[in-house]
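Just so we're clear, the structure is a prediction, and the values are computed from it rather than from any experiment.
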Protein chains: 4
Amino acid sequence: MSNAQEKRQLILDTATKLFSKYGFSKTSLDEIAAATQIAKGTVYNYFPNKEELFMAAVEQKNNEFFNILYRHIAALDSFEAKLHAFVQVPIKTAYENMPIMLESLRSMPFQYLKRLCEYRQNYRYRMLSLLKEILDLGRNQGLLNEDLASDNFCEVVLDWFLLGDSNFMVVDIEKFLERIERDHEMIIKVFLHGILKRG
Amino acid sequence: MSNAQEKRQLILDTATKLFSKYGFSKTSLDEIAAATQIAKGTVYNYFPNKEELFMAAVEQKNNEFFNILYRHIAALDSFEAKLHAFVQVPIKTAYENMPIMLESLRSMPFQYLKRLCEYRQNYRYRMLSLLKEILDLGRNQGLLNEDLASDNFCEVVLDWFLLGDSNFMVVDIEKFLERIERDHEMIIKVFLHGILKRG
Amino acid sequence: MSNAQEKRQLILDTATKLFSKYGFSKTSLDEIAAATQIAKGTVYNYFPNKEELFMAAVEQKNNEFFNILYRHIAALDSFEAKLHAFVQVPIKTAYENMPIMLESLRSMPFQYLKRLCEYRQNYRYRMLSLLKEILDLGRNQGLLNEDLASDNFCEVVLDWFLLGDSNFMVVDIEKFLERIERDHEMIIKVFLHGILKRG
Amino acid sequence: MSNAQEKRQLILDTATKLFSKYGFSKTSLDEIAAATQIAKGTVYNYFPNKEELFMAAVEQKNNEFFNILYRHIAALDSFEAKLHAFVQVPIKTAYENMPIMLESLRSMPFQYLKRLCEYRQNYRYRMLSLLKEILDLGRNQGLLNEDLASDNFCEVVLDWFLLGDSNFMVVDIEKFLERIERDHEMIIKVFLHGILKRG
DNA sequence: CATGAATGAGTATTCATTCAT
DNA sequence: CATGAATGAATACTCATTCAT
């Protein structure tokens, strides 16, 4: 019964490894099949094509990551500790995923690109909610600099300080650069705040 | 100058545009040749293969960028204005280049990968020197928080606050994660400094 | 009668429909199995391979057709009415079957091709017998132009005027063209007889 | 210069032979390339894909055929001789082409199917014009049975007596069967006229 | 008997690179 | 130098057939 599920998982895990290592277009189904030690045709019994397999790999990886992050933060108490974890935990994941995400944006047919963006927006939304919770905690405890409490502060933090890979989903680069323009002052402000002498 | 030099430049410019737009593996020599309006074989008179052409495109783009940045900052006076420019100017470039750099890291044979890294280290070194000059200016004017004046502060700033794409050159991800571990405290420190209330 | 016979028939009917619609090579066993709502492997319990299934479908369809035609003609009285029916009834069937027959001739391994031809010759023989009966009726009533009463007149009529698909079974095209040469005079004769003014 | 044209022709001729022998879907590009003794990739320098190669083969064959037929008939004098040739000459071609045409109708993507139909309609139009010319000659000489001089008599002759393969281009089989219904009386009439005793 | 997962040979197509002219 | 035809290895995907359960 669960044998089929197990094999699907096996293929998915192998594919995830190879996609992470070599990227979407440089990973062939031959390689995935060989590494899973099954026939090429068998892969197609579980995933209708390469793009869907890739999508499944991305989805699984993101879900795993988010669950880990959520439990990790829930186990901590103080505002500073939670924020610390929120910054530290995702970095490795971001670095591992980013290249694949980026490359896929250039390799995938438009329909998948759209689904990929939608999926990432959902992921981004969950990350923003979590960050908002943490910052609210800090704000309630009177720890936060109030002139940073603008509506899109969470977005700026997520995108710029946490290397949120959602940036890289940008398809319309023009719009993206407009956003940079808008956010830039806040980035510089936080950065200079952070390095300039107090008093 | 000479006709040959001009033609080489023409190919290089076309290739740069196309590589930037579609990435390394999704840009074919057929397209480059067609866009340059020369024969495909002619490209091979100027560049021994696709990888070398890509390397040359990267090199040229970085040089252009660095020269622009350098002149821009030299024209400004105050520490804050220079730092502001140092943060703002590269962002667009970084975003435009990053995907290509990343994809190339997965597409290029090892020999080129090594050269690519060496080249990028050189670029990184020039960026670090420029940043050091600017921070020295701030430090000399007594503006900088002194407990941030550690040796590798410039590296941290370059990599994390400026989206220095040198990060993404990481081949040995283990070593890279060690470095994250090391730098992490400083990132959090600056970030919390920046967002926490003073006093 | 038995359950097994019913299931065999179910598969055969589905296969016949699909082969008629999409041709031999464009109909996959997956589709046949799905349309029959049984497992693909089950088909192989009833038919040893795709070719045999196709042969059975052809055989069944031809038998059905021949029985309908025979009964139809037996119910009519006059020579002209019978001949009329003999021309009219097969046309639709011929058009529906021809493409599949043709395609199968190019798709089937030689062993099946031979059996297919043998089978078609049998069908052709039954058709010729029926036509002979009808023409004998006309001849006996003194209706037929006697210089057309040569031995192979029935063959010519069957092949050329009734779109008898047996022509298309030709494997050895050389022999077939010889036959055309032989028959041609008769075809032209009937045709010109039919369109030229009398008197 | 003409070397490219010659090679294109070589490929086209080989393809025509193989398509004629094995049909569209059972002829692989590997086989075509091997039979032409060139590399598979080379075929793609001359024809963008298998369908276009097939279309080119059909087109060439039809043009050749039509030119031969036209010259042949122009060289003859009497009405009967011309009509004789019009019936006799196309038969071999029709038999050679029909199977391929039919199979392609089941194998080609819709865009090509449309082009194929358009092309065949043009071919059909040329055949009809030629037949009209011949029949006008007969009519002017008072040779033709006048109650057959209806408008669509040429079409009927072309489709039913000459095995005009245009029939087989039928995509909408319903409409086609309607046409059979309509034409049927005329077919029977000519046929019975042809075989029944005069007087 | 019924199932459907596993197989692997086969197919069209792409593209970096070579080389004769 | 310039050309562009020729090459062939590589790739995603299909499908008839087998076989363990």
Side-chain angles (χ1 to χ4, degrees), chain A residues 1 3-4 6-8 11 25-33 36-53, chain B residues 2-4 7-8 24-34 37-54 107 109, chain C residues 2-4 7-8 24-34 37-54 107, chain D residues 1 3-4 6-8 11 25-33 36-53 109:
Chain A
M1 192 203 326
N3 201 359
E6 275 169 28
K7 183 156 278 184
R8 201 192 117 99
I11 296 168
S25 52
K26 285 286 159 181
T27 303
S28 72
L29 279 184
D30 277 280
E31 285 169 312
I32 293 172
T36 320
Q37 293 194 320
I38 58 169
K40 200 178 2 176
T42 306
V43 177
Y44 283 89
N45 285 339
Y46 294 92
F47 301 94
N49 56 45
K50 198 187 175 187
E51 281 89 358
E52 291 283 357
L53 176 54
Chain B
S2 72
N3 203 341
K7 186 162 278 185
R8 198 191 118 100
F24 177 77
S25 51
K26 287 283 159 182
T27 303
S28 72
L29 280 185
D30 276 277
E31 286 168 312
I32 294 171
Q37 292 193 322
I38 59 168
K40 194 167 29 164
T42 307
V43 177
Y44 282 87
N45 287 334
Y46 294 92
F47 301 93
N49 55 43
K50 197 186 176 188
E51 282 88 357
E52 291 283 358
L53 176 55
F54 178 79
S107 303
Chain C
S2 73
N3 203 342
K7 186 162 278 184
R8 199 192 117 99
F24 177 78
S25 52
K26 285 284 160 183
T27 304
S28 72
L29 280 184
D30 277 276
E31 286 168 312
I32 293 172
Q37 293 194 319
I38 59 167
K40 195 169 23 165
T42 307
V43 177
Y44 282 86
N45 286 335
Y46 294 92
F47 300 94
N49 55 44
K50 198 187 176 187
E51 282 88 359
E52 290 283 357
L53 176 54
F54 178 79
S107 303
Chain D
M1 192 205 324
N3 201 359
E6 276 169 28
K7 183 158 278 183
R8 202 192 116 98
I11 295 168
S25 52
K26 284 287 159 181
T27 304
S28 72
L29 280 183
D30 276 280
E31 285 169 313
I32 293 172
T36 320
Q37 293 196 321
I38 58 170
K40 202 175 2 174
T42 306
V43 178
Y44 282 88
N45 286 339
Y46 294 91
F47 301 94
N49 54 46
K50 198 188 175 186
E51 281 89 359
E52 291 283 357
L53 176 53

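For A:N45 and E:dA6, a side-chain-to-base donor-acceptor distance below 3.5 Å is present, hydrogens and geometry of angles not being considered. Side-chain atoms of B:K40 and base atoms of E:dT17 include a donor and an acceptor less than 3.5 Å apart.
Rounded to an integer number of Å, the gap from NZ of C:K26 to C1' of F:dA16 is 15 Å. In this structure, the CD1 atom of B:I38 is 11 Å from the C1' atom of F:dC1, given to the nearest Å. In this structure, the CD1 atom of C:I32 is 12 Å from the C1' atom of F:dC15, given to the nearest Å. For the pair B:F24 CZ and E:dC15 C1', the computed distance is 12 Å after rounding to whole Å. Spacing between atom CG of D:D30 and atom P of E:dA9 amounts to 15 Å, rounded to whole angstrom units. D:E6 places its CD atom 14 Å from the C1' atom of F:dA5, with the value rounded to the nearest Å. Distance, A:L53 CG to F:dC13 P: 10 Å, rounded to whole Å. Distance, D:E52 CD to E:dA12 P: 15 Å, rounded to whole Å.
Of the two residues near DNA chain F, B:Q37 and C:K50, the one whose nearest nucleotide lies more 5' is B:Q37. Mapping D:Y44 and B:L29 onto DNA chain E via the closest heavy atom, the residue that lands nearer the 5' end is D:Y44.
Across all non-hydrogen atoms, the minimal contact from A:E52 to A:N49 is N-OD1, 2.9 Å. Pairing each heavy atom of D:S25 with each of C:S25, the nearest pair is OG-OG, 3.5 Å. In terms of heavy atoms, A:T36 sits closest to A:I32 at OG1-O, 2.6 Å. Across all non-hydrogen atoms, the minimal contact from A:K26 to A:E31 is O-OE1, 3.5 Å.
Residue C:K7 has no polar side-chain atom (N or O) positioned under 4.0 Å from OP1 or OP2 of E:dC1. Contact annotation: A:T42 reaches the phosphate of E:dT7 (side-chain N/O to OP1 or OP2, under 4.0 Å).
At a threshold of 4.0 angstrom between heavy atoms, the contacts of D:S28 are confined to the sugar-phosphate backbone, with no base atom among them. Looking at heavy-atom distances under 4.0 Å, B:S25 makes no contact with the nucleic acid at all. Across all strands shown, A:Y46 has heavy atoms under 4.0 Å from sugar-phosphate atoms exclusively, and none from any base.
Of the nucleotides present, F:dT21 is the one that pairs with E:dA2 by Watson-Crick or G-U wobble criteria, both distances under 3.5 Å. In this structure F:dT7 sits in a base pair with E:dA16, meeting the Watson-Crick or G-U test at under 3.5 Å.
Comparing F:dT17, E:dT7, E:dT3 by their nearest atom to the side chain of C:E51 picks out F:dT17. Nearest nucleotide to the D:N49 side chain, out of E:dT13, F:dT3, F:dA6: E:dT13.
For the pair C:K50 and C:F24, the cation-pi criterion (under 6.0 Å, within 45° of the ring axis) is fulfilled.
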Verdict with reasoning, D:Y46 to D:L53, per side chain to side chain contact (heavy atoms under 4.5 Å, CB included): CA-CA 9 Å; D:Y46 294 91; D:L53 176 53; over 6 Å; no
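When the C1' atom is compared between F:dT21 and E:dC1, the two are found 13 Å apart, to the nearest whole Å.
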